[in-house]
Amino acid sequence: MRKKIFQYVQSHSDEILIEWIELMRTEADERAFQAMSDQMFTKTSSEFIQLVMSNFSDSEEKFQKRAVDFSEKIVRLGWPLTMITEGLRVFGQIVEQGMQRSGAIDQHSYIDFTAEINNWVFPMYKTITEAYTTSWERTVSLQKIALQELSAPLIPVFDKISVMPLVGTIDTERARQIMENLLEGVVSHRAEVVLIDITGVPVVDTMVAHHIIQAAEAVRLVGAKCTIVGIRPEIAQTIVNLGINLEDVTTTSTMKKGVEQALAATSRQIVGVQE
């Protein structure tokens, strides 16, 4: 029966692909179609069918490699995992109905067919799902590292003056990253003044203020001065209502004022030039 299934799939591969695409367009997650053009979807669907068919003829090691390569590709394209699991189910359904129509299986051989198709398809669930999950986790991990590197950069703007612009919410993990980048940047850039810009931080509560104060204290301990800029009226009011003590931390409302203070602290100033 296994040989009969393989012969049918091999000889009707084009028909199976067309029917598979039509069914998946009506049953699958819309995200799979929004992420790519029709041409790319057709090409990727063809590769998926070829991958499934290769499980008949390829060695386990070769099939595993193909599954990993395909999984990495569809993760990049944005296919959800349900596209794969649903795709295998639809593939088995198409083969079953096609072989029934062609007379390749009948009432007497149906039990043998069902057992064989299950023995063939179900192991692929495990192999392809594991490959997809591994590729997804690796991609997410790399993206997380990239976001962490970009989430708290210390940027040298003048000699001895650096700025750290903060955007978005600050949790414990991000606060740790801010602290690390801040201290490493102060040393590597030989900064004497650091401006922490919280203009883009939407909410400043007790925890956020605590983390920022800790960062300012850490900068002072490595021999640099720290100024917090971007103290908006609503943030100032929140800080007062929460009873947070910022007496030991220099603050300004705008980056412009912060830069002026930083230049003054390094014995410089901005002067106009007459033409």
Side-chain angles (χ1 to χ4, degrees), residues 76 137-275:
R76 291 194 301 269
E137 289 176 348
R138 182 167 57 250
T139 300
V140 170
S141 178
L142 291 173
Q143 289 176 342
K144 184 177 180 180
I145 292 171
L147 286 173
Q148 286 177 340
E149 291 175 348
L150 294 172
S151 66
L154 186 66
I155 306 167
V157 291
F158 294 105
D159 182 35
K160 302 178 183 180
I161 301 174
S162 296
V163 173
M164 176 174 280
L166 300 179
V167 178
T169 57
I170 299 175
D171 55 16
T172 302
E173 176 63 24
R174 192 175 179 208
R176 182 190 61 80
Q177 188 71 34
I178 289 171
M179 186 75 77
E180 289 180 3
N181 291 0
L182 193 58
L183 297 180
E184 290 176 5
V186 168
V187 174
S188 62
H189 299 316
R190 298 181 180 178
E192 293 184 5
V193 180
V194 174
L195 306 177
I196 300 179
D197 183 10
I198 63 170
T199 304
V201 179
V203 178
V204 175
D205 55 17
T206 304
M207 186 191 72
V208 172
H210 176 68
H211 288 316
I212 294 173
I213 293 170
Q214 277 191 325
E217 284 294 313
V219 169
R220 186 175 61 82
L221 290 174
V222 294
K225 296 179 181 179
C226 183
T227 298
I228 301 174
V229 304
I231 303 292
R232 305 187 299 276
E234 61 271 22
I235 291 180
Q237 187 174 2
T238 300
I239 290 173
V240 170
N241 291 338
L242 292 173
I244 298 169
N245 183 11
L246 293 179
E247 290 181 0
D248 297 328
V249 181
T250 304
T251 62
T252 68
S253 58
T254 64
M255 175 63 73
K256 179 178 180 293
K257 292 180 180 179
V259 170
E260 289 174 350
Q261 288 185 9
L263 289 171
T266 54
S267 303
R268 289 172 291 179
Q269 64 178 344
I270 298 174
V271 296
V273 177
Q274 294 182 349
E275 296 182 359

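His211 has its side chain within reach of Gln214: a pair of non-hydrogen atoms, C-beta onward, lies under 4.5 Å apart. Asp205 places none of its side-chain heavy atoms less than 4.5 Å from the side chain of Thr238. Annotation: side chain of Ile161 is not in contact with side chain of Val259 (no heavy-atom distance under 4.5 Å).
Expressed to the nearest 0.5 Å, how far CD1 of Ile212 lies from CE of Met207 amounts to 10.0 Å. In this structure, OG1 in Thr252 is found 7.5 Å from CG in Leu195, a value given to the nearest 0.5 Å. Atom CD1 of Ile213 and atom SG of Cys226 lie 10.5 Å apart (nearest 0.5 Å). Annotation: the span from Arg176 atom CZ to Asn181 atom CG amounts to 9.0 Å, rounded to 0.5 Å. To the nearest 0.5 Å, atom OG1 of residue Thr250 and atom CD1 of residue Ile228 are 9.0 Å apart. Rounded to the nearest 0.5 angstrom, Thr251 OG1 and Gln261 CD are separated by 8.0 Å.
Shown are Val163, Thr227, Thr199, Val157; of these, the side chain to side chain contact (heavy atoms under 4.5 Å, CB included) with Met255 is made only by Val163.
Looking at every heavy atom in both residues, Gly230 comes nearest to Ile198 through O-CG1, 3.8 Å. The heavy-atom pair separating Val229 from Gly258 by the smallest distance is CG1-CA, 3.9 Å. Closest non-hydrogen pair, Ser162 versus Pro156, comes out as OG-CA, 3.6 Å. Scanning both residues, Ile178 and Met164, for their nearest heavy atoms gives CG2-SD, 3.6 Å. Considering every non-hydrogen atom in both Pro153 and Pro165, the closest pair reads O-CD, 3.6 Å. Nearest approach of Lys160 to Thr266, heavy atoms of both residues: CB-CG2, 4.3 Å.
Within a 6.0 Å radius of CD in Glu234, more than 12 heavy atoms belonging to other residues, nucleotides or ligands are found. Around atom CZ of Arg190, no more than 12 heavy atoms belonging to other residues, nucleotides or ligands sit under 6.0 Å away.
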In sequence, state the C-alpha distance, the side-chain angles, and the governing distance for Arg220 and Glu217, and then conclude on side chain to side chain contact (heavy atoms under 4.5 Å, CB included).
-> CA-CA 5 Å; Arg220 186 175 61 82; Glu217 284 294 313; 2.5 Å; yes
Evaluate the criterion side chain to side chain contact (heavy atoms under 4.5 Å, CB included) for residue pair Ile196 and Leu166; output intermediate values, then yes/no.
-> CA-CA 7 Å; Ile196 300 179; Leu166 300 179; 3.8 Å; yes
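Using a 4.0 Å cut-off between charged side-chain N and carboxylate O, Glu260 and Lys257 make no salt bridge.
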